[in-house]
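Fair warning: this is a prediction, and the values are worked out from it, not measured in the lab.
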Amino acid sequence: MSMSTPGPERVPSTVKVDKTSGQGKPPASGKKAPASGSPRPAGKGGGKARKPITPVKVSGGRNWGPIAVAGLVVLIAIGIIGYGVFASVKGSRSWQDKAADIEGIVNYREQKNPQIDSQEHKEGPLTYVTNPPVGGAHNPVWQNCMGDVYPQPIANEHAVHSLEHGAVWVTYKQGLAADQVAKLQEKVQGKDYMLMSPVANLDKNISLQAWGYQLKVDNAGDKRIDEFIKDLRVNATKEPDAACSGGNTTTGPVTAASNGTGMDQQQGK
């Protein structure tokens with residue numbers, strides 16, 4: 001049997017297995033080599049790469065707008081609170097303190113003058129310390145003081161009794177300009193515990209009286225007139241809750257024959 005001559009010897013091709021081929025066993029360390037072109041991990045042992053940190057920009061200037069607004073709000077709040085405290089304290093002040101703040105007012109109560117402080121009832125004409133009078137002995141009948149406006153002088157003796165009941169008596173110099181008289185009348189007419197009349201020989205154009213207090217001014221537009229009325233009307237009474245109605249409504253002086261026939265005499269006041 002003849003044998004064939006062997007052909008050229010065939011050499012088997014060699015296949016190289018690397019770390020990324022998927023063939024063969026992985027490296028003993030179990031770690032993959034970084035892909036081509038990727039940055040090498042930082043630190044020892046080829047740890048995972050960290051993302052670069054973007055630097056934070058810090059503005060060198062301060063925005064004063066919100067700060068200014070906040071400051072303004074604080075100032076407004078302080079002002080509101082301060083005004084509230086001021087109003088509360090002012091509202092709690094006594095009428096005597098308020099009256100004392102009126103520029104030019106005269107407080108005759110401080111003088112402790114018996115001729116002014118007397119509340120005695122007397123008949124006939126009486127003499128008074130001031131013109132117009134602000135207190136003292138008086139007729140048993142008061143002058144009606146329910147916002148009454150008398151065009152002629154009234155008796156001091158009746159008017160002082162009205163002051164004792166808490167009325168404010170507005171007086172003016174005889175012959176005062178009509179527009180001035182009209183302004184005063186607006187403040188008096190129809191208002192309880194108010195009366196008004198002209199007075200002879202008055203040293204000022206206008207004089208206001210409450211029991212123990214007096215204010216003299218030159219003009220009916222003087223704001224102190226309203227302050228006087230607001231602070232002393234009713235408050236300055238020497239007989240709280242005494243009436244202003246039912247009194248004398250005539251003008252002219254008291255005569256020696258005058259007799260008290262008003263409510264005070266009937267009630268023994």
Which distance, rounded to the nearest 0.5 Å, do you find between the [atom1] of [X] and the [atom2] of [Y]?
X      : Y      : atom1 : atom2 : result
Gln185 : Lys183 : CD    : NZ    : 14.0 Å
Thr171 : Asn205 : OG1   : CG    : 11.0 Å
Glu120 : Leu126 : CD    : CG    : 9.0 Å

- Should Asn219 and Val217 be marked as a side-chain contact (heavy atoms from CB on, under 4.5 Å) after you check the CA-CA gap, both sets of side-chain angles, and the distance that decides it? CA-CA 6 Å; Asn219 192 287; Val217 299; over 6 Å; no
- Yes or no on ring pair (Phe, Tyr, Trp, His ring centres under 6.0 Å) for Trp95 and Tyr213, after CA distance, side-chain angles and deciding distance? CA-CA 12 Å; Trp95 68 266; Tyr213 289 90; 5.7 Å; yes
Tell me whether [X] contacts the main-chain N or O of [Y] through its side chain, where contact means a donor paired with an acceptor under 3.5 Å.
X      : Y      : result
Gln189 : Leu195 : no
Arg233 : Phe228 : no
Asn248 : Gln143 : no
Lys98  : Glu227 : no

- Atom of Val134, atom of Ile116 and distance for their closest heavy-atom approach: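 That would be CG2-CG2, 4.0 Å.
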- Message: I'd like to know whether His121 forms a ring pair (Phe, Tyr, Trp, His ring centres under 6.0 Å) with His138, so could you lay out the CA-CA distance, the side-chain angles of the two residues, the decisive distance to 0.1 Å, and finally the verdict.
- Response: CA-CA 5 Å; His121 290 177; His138 48 267; 4.9 Å; yes
- Item | Shared hydrophobic cluster, Val168 / Val181 (ILVMFWY, side-chain heavy atoms < 4.5 Å) |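 In one cluster with Val168: Val181, yes.
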- Message: Are there over 12 heavy-atom neighbours, none belonging to Lys122, within less than 6.0 Å of that residue's NZ?
- Response: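 Not buried by this count: 12 neighbours or fewer within 6.0 Å.
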- Judged by modelled atom types alone, do Ser207 and Gln209 share a side-chain donor-acceptor pair under 3.5 Å?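 Yes - a donor-acceptor pair under 3.5 Å links their side chains.
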- Query: After noting the C-alpha distance and the side-chain angles of Asp101 and Arg93, does the key distance pass the salt bridge (Lys or Arg N to Asp or Glu O under 4.0 Å) rule?
  - Reply: CA-CA 11 Å; Asp101 288 342; Arg93 299 174 68 221; 2.7 Å; yes
- In terms of the angle between their ring planes, are His165 and Trp142 parallel, tilted or perpendicular, with boundaries placed at 30° and 60°?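 The arrangement is tilted - the two ring planes meet at 30° to 60°.
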- Message: Assess whether a salt bridge exists between Asp117 and Lys112, defined as any Lys/Arg side-chain N lying under 4.0 Å from an Asp/Glu carboxylate O.
- Response: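 No, Asp117 and Lys112 are not salt-bridged.
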